[in-house]
Each structure stands twice: as structure tokens, then as C-alpha cells.
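Report on one structure; see the data block that follows.
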2 protein chains.
Amino acid sequence: MLNSYSSADKVLLAVDCIIFGFDSEGLKILLIKRDFEPEKGKWSLIGGFLKRDEILDDAAIRILNTYTGLNDIYMEQLYAYSEIDRDPVERTISVSYFALINIENHNAELIKNYHAEWFPINDAPHLIFDHNEMVQNAIKRLRYKTSIKPIGFELLPEKFTMRQLLELYEAILSKELDKRNFISKINSLEILNKLDEKDMQSSRKGSYLYTFNKEKYEEKLLNDFVLNL
Amino acid sequence: MLNSYSSADKVLLAVDCIIFGFDSEGLKILLIKRDFEPEKGKWSLIGGFLKRDEILDDAAIRILNTYTGLNDIYMEQLYAYSEIDRDPVERTISVSYFALINIENHNAELIKNYHAEWFPINDAPHLIFDHNEMVQNAIKRLRYKTSIKPIGFELLPEKFTMRQLLELYEAILSKELDKRNFISKINSLEILNKLDEKDMQSSRKGSYLYTFNKEKYEEKLLNDFVLNL
DNA sequence: TGTGTAAGTGTAAAAACTACATTAATAAAT
DNA sequence: ATTTATTAATGTAGTTTTTACACTTACACA
């Protein structure tokens, strides 16, 4: 029995995370000031190298946790980037992941310690290597994914208003949506619980709070849905 | 300036190709009998290792060409598989690609030389490692992709009949489609040229041949379309 | 008590989708 | 020459889905 494919080349495998967040200002990504050479001090995605005995999903989880302290975060593998000189130090293939977190829940301390910062997706700085391309592709995937799975809820606090949900979808799709049509389409999915509680921040009347109902979702939607907004 | 990330582990990176073909019998994938250990003699996807100075897309092209002689084939990267023991010989991460070819054009000689064989997608053998999983995911991606880009045409000969196109989409979606509705939806995309020529194989009346019009496509459809079949 | 602000709600018109059956063209058989 | 068998080609009415659009409600605060 063989124990190596001796003639084949080995390479470094990195994982880079496109971490999306959402707050009242809109859709954002989390970036860090790189603290080692090359490109030290430049803005970068959060990333790291795959370890020998680690699968990619776990590497992505570990890296996200290291830089944010967060656990149990929705993550999804996106794409492997392999241009020869994408990293000038050494041949490195990088697999991108996207993560969805609600900004309110993140550990502000850890983010501060690592010089991480949230940037609006339409006003992000130039990033090192091919990270801007990774971000653009991640946004495309996020658009697609929200149209067939209710992953948008990962970006919201546990209780949210219809207006927040609407603004989230507007930010993701970067287009205006009709309020009434949006609400009736969302309601037709039957995956929200309307609470008796109201959020009084945004208006005198107050707006009802909702939670996302995972049970109803899983019961009803083992298959993808199509959400035409 | 650094010239290595010395502490990081290196791994083998493989590329495995899910090669779809289509003929009168339906949708098929191309498999080979693996000619080296382990699992020698078992059915496998066509694959190989990434070389040090090669990007993944080029590795996929090279590997496809090596086993089929084909060039200029539609290929698309799918997903990176990284389970620790997915390959029992040595830690190997594999990036899957799917390729679409029309069976009539392939080089039968080369395929024969490499013990490659076409299998109906619903009647394929058990494959080594995680290759069956790769195939299932590739089918999902093919379904999605054909609904937003006219890549189905890559699987057909240059001139084809409406019936062939219908049967192709039925095979990809694995459901029956209404002929009249299908034709009017396809026509509404305005990306086909109807030729004066007829195919006389299939009936006494003969059926018109069509070609795919790339110019019209590129002119009209820089953006994705939605093809609800 | 009044005022300002965002929340909440329904409908009619348009568009898209679905289901469905007859006629046309031709080669082969007689 | 006529009949037969076979697949190709074609249109519409009913239904569903999507779109566009504006007024009333609730309440805090002045």
C-alpha cells in the first residue's frame, strides 16, 4: 500500500473569510489591518492557513473565532483562488468562505484587539491580494442564497421588525423594494413568528417584533423556495 | 521581505472533473477505471494533481485534455473537498470541476485508451473516495446553472432539434416538460437561429435544426436570465 | 388636545404560467 | 397513386402570480 503520492507538488492552502454584518447603516464586511509582512498595515480579509489535520470548514470556523470570538456562525464555502502570484510571498491557494453575523452580538473587545473594523460594502477600502474580487463574488453568492434560503435572518438580531428585514433585503439586493409586496411575500413563506411585543425606537406607534421560526422553516422548506423580490 | 510562511503546513491539491455528456440515451458522466493503487480497477472521476506553477483552471483543462484529447471545453470550478481521510494514501484536498461536452465530438480513441466510459447519471457505479458526493453536487449545480445561463447548449451538437433540446432539459431537471410551453419559453429568450435545414432521422416530416446564437446571447444577456421550466 | 411620524393594510390591472388537442408533412407500404 | 403511420408544429383560454399604488391607525411628545 502506498503512503504518498511522492511526485506531486504540495502547496499552502489558506482560508479567507468574507464576514457580512448588518446594522441600521446597512450591509457591512469585517476587515482587519494586516499585522505582518508583506502588506503590513493594509486592509485585508480575515484569513489563515489550513492545518495539516483540519478540514476547510473547521479552519474557517477557527479563523473566524480567533479574530472575533464568535461561535456557531453561519458559514459557507465559496471558491478556491489559485492565481500563481496572488500572494507574493509564496504560492498559496486560498479558499474563500462567507460568514453571516449580526453585528450586535459580536464581541467588540476581540474585534478591537485585532484591529478589525466594519466597512459598508459600498465603501470598503482597497484590499490586499485578490480580496476585493473575493468580496464581490461573495456578494453575488449572498444575493443568490438569500433568494432560496432564509439565511438573511442570520444577519439580524433575534427579534427584528419588518422594516429591518426589508432594509436588509434592500441592502443585499441593492434595490428598493415595495413595502407591502415585500411583507406579503415574506408572510407567504410562513416562517416568522409575530410577537406581541413592539419595538418603540423607530416610531411613536411602535412596530411589531418578529422572530424567525426555525421549526416551521425546517418543516416546510426542506427544499429550496424561490423568493422573487 | 519574507519568502515563505514557514510555519504553515502544505498539502496536496487535486482536481477532479465531473464530465457531463448528452446523447440520445440521456445525460451521462465520463468515468475511468483507476489504473494505480489504491482502489486500482475501481471507477473514478477523471482527476490529477495541481502542479506547482499552475492555476486550478489550467489543471482542470490539462487533466481533461490528457484523458479525452478535448480542448475548448466549458468548465467551471465547483467545490473544495477536504475531509481528512478522503484519500487514504495521503492528505489531499480536491477541487471539483464540472465540464460539459457533446459526446459526438469527443475523441473516442483516447477515451478508449484510458479505459474511460460513459455512464448514465442515474445508473453510474459506486465511485472511489467521495466522488459520488462530488457528482451529486455537480448535478445540482448543473441544474442551477442551466436555469440562468444557456450552458445547456454546450452539451449538444452544433445543430440540434427542439426535441433534443427538450430532452436535454428534461434529463438535467429530471422531470417531464410540456413541449409547447418549453418551445415558447426557449423562443422568448431569442438566442436560437432556426435553420432552413431539417433533421430527417427522427421522423418522416423532419424537424427543423437550430443553432445557438452566441452573438444574440451576449448582446441580450450580459445579465443572467431566469428560465422557469 | 393636537400634531407629527412611521406602521399597517387591500385591491385592481397586468403579466406569466399552465394545461391541453388538432393539423401538417412526409416516407414507406400497399 | 393512395393509404398509412409517425413525429413536428402550432395557439388559446383559464388560472395564478406579480405589480403598482394611497389611506388610515396608533401613539409619544409638544
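Chain identifiers are assigned alphabetically (A, B, ...) following the order of the sequence lines, protein sequences preceding nucleic acid strands; residue numbering begins at 1 within each chain. Heavy-atom basis, side chains included; hydrogens, waters and symmetry copies ignored.
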Separation of I29(B) CD1 from E117(B) CD (nearest 0.5 Å):
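Rounded to the nearest 0.5 Å, the CD-CD1 separation comes to 11.5 Å.
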
Without hydrogens or angle criteria, can the side chains of Y97(A) and D57(A) be said to hold a donor-acceptor pair below 3.5 Å?
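Yes, because at least one side-chain N or O of Y97(A) sits under 3.5 Å from a partner of the opposite role on D57(A).
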
Please pick, from [options], the nucleotide with the shortest atom-to-atom distance to any side-chain atom of [X].
{"X": "R180(A)", "options": "dA9(D), dT7(D), dC21(D)", "answer": "dC21(D)"}
{"X": "R204(B)", "options": "dT9(C), dA7(C), dT26(C)", "answer": "dT26(C)"}
{"X": "K205(A)", "options": "dA7(C), dC17(C), dA9(D)", "answer": "dA7(C)"}
{"X": "S202(B)", "options": "dT9(C), dA8(D), dC20(C)", "answer": "dA8(D)"}
{"X": "K179(A)", "options": "dA7(C), dT10(D), dT7(D)", "answer": "dA7(C)"}

Find the distance [X]:[atom1] to [N]:[atom2] and express it as a whole number of Å.
{"X": "N181(B)", "N": "dT16(D)", "atom1": "CG", "atom2": "C1'", "value": "14 Å"}
{"X": "M200(B)", "N": "dA8(D)", "atom1": "CE", "atom2": "P", "value": "11 Å"}
{"X": "L192(B)", "N": "dA9(D)", "atom1": "CG", "atom2": "P", "value": "13 Å"}
{"X": "D199(A)", "N": "dA6(C)", "atom1": "CG", "atom2": "C1'", "value": "11 Å"}
{"X": "L166(A)", "N": "dA7(C)", "atom1": "CG", "atom2": "C1'", "value": "12 Å"}
{"X": "Y208(B)", "N": "dT7(D)", "atom1": "OH", "atom2": "P", "value": "19 Å"}
{"X": "M162(A)", "N": "dT9(C)", "atom1": "CE", "atom2": "P", "value": "9 Å"}
{"X": "L209(A)", "N": "dG8(C)", "atom1": "CG", "atom2": "P", "value": "9 Å"}

Look at all strands and tell whether N228(B) reaches a base, only sugar-phosphate, or nothing, counting heavy atoms closer than 4.0 Å.
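Sugar-phosphate contact only - N228(B) comes under 4.0 Å of backbone atoms but never of a base.
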
Within 45° of the six-membered ring axis of Y210(A) and under 6.0 Å from that ring's centre, is NZ or CZ of K194(A) located there?
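No - K194(A) does not lie over the ring of Y210(A) by the 6.0 Å and 45° rule.
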
Is K28(B) close enough and on-axis enough to F119(B), meaning under 6.0 Å and within 45°, for cation-pi?
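Judged by the rule, K28(B) and F119(B) form no cation-pi pair.
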
Which residue lies toward the 5' end of DNA chain D, D178(A) or S203(A), if each is placed at its nearest nucleotide?
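By nearest-heavy-atom nucleotide position, the 5'-most residue is D178(A).
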
Would you sort out whether K145(A) and E76(A) count as a salt bridge (charged side-chain N to carboxylate O under 4.0 Å, His left out), showing the intermediate values?
CA-CA 10 Å; K145(A) 257 320 171 81; E76(A) 188 173 328; 3.2 Å; yes

